[in-house]
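Note that these values count all heavy atoms, side chains included, but never hydrogens, waters or copies made by symmetry. Predicted model, so just to flag it, every value in this text is computed and none were measured.
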Amino acid sequence: MEIMGFSIDEMNSILKIISAVLHFGNMVFKQERNSDQAVLPDNTVAQKVCRLLGVSVTDFTKGLLKPKVKVGREVVTRAQSKEQVEFAVEAISKALYERLFKWIVYKINKSLDRTRREGTSFIGILDIAGFEIFQLNSFEQICINYTNEKLQQLFNHHMFILEQ
């Protein structure tokens, strides 16, 4: 990453965001018995996520469990169900990862562009079909490319190493 022009702070930030995204998957919410409202019985994972992202645990959990909604001219808090909170956590983690990925691609493309002309440098991702140039990379696309790359490695290993 240093070769591509990432500073130590940027590399640490990347690792923190990836760690937070992974920790999002460990958050467990429960449904209150008397209502449809979701609760976070143990906020240790939320504390880790918030420390990594540099946000307040109280504000973060309040924003997930009881977000503020603008109704007309008033702002009211609305209780969320367990499913709604889980969907929100998934959406936040996906958005964080996607924005991080876009930023990394931008940063690498910027470091590769020695001529400062638009469109002269790009990142191509090698998969089974060869190089592909994407206008917009998403989380799903990187998962597909990662899977394709693993399949290509398995194929190469089988054909060129095991067959010898």
Side-chain angles (χ1 to χ4, degrees), residues 1-112 123-127 132 134-154 157:
M1 287 168 85
E2 288 177 24
I3 293 171
M4 298 311 292
F6 287 93
S7 69
I8 299 295
D9 287 340
E10 289 172 333
M11 287 188 276
N12 286 334
S13 295
I14 289 169
L15 295 175
K16 284 181 180 181
I17 292 171
I18 291 172
S19 295
V21 167
L22 293 172
H23 279 296
F24 271 125
N26 296 331
M27 292 182 77
V28 178
F29 298 95
K30 303 262 188 208
Q31 193 86 19
E32 278 189 348
R33 291 185 184 190
N34 301 340
S35 67
D36 284 343
Q37 185 173 336
V39 291
L40 184 62
D42 182 20
N43 73 345
T44 16
V45 178
Q47 288 176 4
K48 289 177 186 176
V49 169
C50 291
R51 185 174 29 96
L52 289 166
L53 296 177
V55 296
S56 161
V57 180
T58 313
D59 293 339
F60 178 73
T61 53
K62 196 185 300 182
L64 285 175
L65 299 172
K66 295 181 181 181
K68 293 182 179 180
V69 181
K70 187 172 182 180
V71 181
R73 293 184 181 195
E74 293 184 40
V75 177
V76 294
T77 53
R78 181 176 162 239
Q80 299 282 80
S81 69
K82 179 181 179 238
E83 290 79 23
Q84 289 171 321
V85 173
E86 288 171 347
F87 182 79
V89 168
E90 290 170 11
I92 291 170
S93 62
K94 182 178 174 183
L96 267 174
Y97 190 84
E98 184 175 11
R99 288 180 183 154
L100 175 66
F101 183 75
K102 284 180 184 178
W103 179 78
I104 291 173
V105 169
Y106 168 78
K107 192 81 170 139
I108 292 172
N109 279 336
K110 187 176 170 187
S111 76
L112 291 175
I123 293 179
I125 299 176
L126 179 63
D127 67 2
E132 296 180 25
F134 300 113
Q135 293 296 331
L136 179 68
N137 289 295
S138 66
F139 178 67
E140 289 85 4
Q141 188 63 50
I142 193 67
C143 289
I144 291 167
N145 284 328
Y146 178 77
T147 304
N148 287 343
E149 189 63 32
K150 285 297 185 185
L151 287 171
Q152 183 68 42
Q153 287 174 4
L154 178 68
H157 181 72

Practice problem: Would you mind reporting whether V45 and V28 have side-chain heavy atoms less than 4.5 Å apart? | Solution: no

Quiz item: Does the side chain of I17 reach to within under 4.5 Å of the side chain of L52, using non-hydrogen atoms?
Solution: no

Exercise. Would you mind checking if K82 and E32 are paired as a salt bridge, meaning a charged N to carboxylate O distance below 4.0 Å?
Key: no

Exercise. Answer yes or no: is there a side-chain heavy-atom contact under 4.5 Å between T77 and V69?
Key: no

Practice problem: Going by the side-chain contact (heavy atoms from CB on, under 4.5 Å) test, name the single residue among L22, V21, V49 that passes it with S93. | Solution: V21

Quiz item: If you round to the nearest 0.5 Å, how far is CZ of F6 from CD1 of I14?
Solution: 4.5 Å

Quiz item: Is there side-chain contact between K107 and I104, with at least one heavy-atom pair below 4.5 Å?
Solution: no

Quiz prompt | Side-chain heavy-atom pair V57, N43 within 4.5 angstrom cut-off | solution = yes

Quiz prompt | M27 vs L64 side-chain heavy atoms within contact, under 4.5 Å | solution = yes

Quiz prompt | Any donor-acceptor N or O pair under 3.5 Å, side chains T44, D42 | solution = yes

Quiz item: Taking the six-membered ring where the residue is Trp, are the ring centres of Y97 and W103 under 6.0 Å apart?
Solution: no

Practice problem: Walk me through it: do V85 and Q80 pass the test side chain to side chain contact (heavy atoms under 4.5 Å, CB included)? | Solution: CA-CA 6 Å; V85 173; Q80 299 282 80; 3.5 Å; yes

Quiz item: According to the interplanar angle, ranging from 0 to 90°, do the rings of F60 and F24 count as parallel (below 30°), tilted (30 to 60°) or perpendicular (above 60°)?
Solution: tilted

Quiz prompt | Note, K110 side chain near Y106 side chain (heavy atom, < 4.5 Å) | solution = yes

Practice problem: Search all heavy atoms of G63 against all heavy atoms of P67 and return the closest pair with its distance. | Solution: O-CB, 3.3 Å

Quiz item: Do the side chain of Q84 and the main chain of S81 share a donor and acceptor less than 3.5 angstrom apart?
Solution: yes

Exercise. Examine distances only and state if a side-chain atom of E74 and a backbone atom of V71 form a donor-acceptor pair shorter than 3.5 Å.
Key: no

Practice problem: For residues Q31 and D36, determine if any side-chain heavy atom of one lies less than 4.5 Å from a side-chain heavy atom of the other. | Solution: yes

Quiz item: Rounded to the nearest 0.5 Å, how far apart are OG of S19 and CG of L53?
Solution: 9.5 Å

Quiz item: Which heavy atom of S56 sits nearest a heavy atom of C50, and at what distance?
Solution: O-SG, 4.0 Å

Practice problem: Please assess K66 against Q37 for the test side chain to side chain contact (heavy atoms under 4.5 Å, CB included), listing each intermediate value before the final yes or no. | Solution: CA-CA 9 Å; K66 295 181 181 181; Q37 185 173 336; 2.7 Å; yes

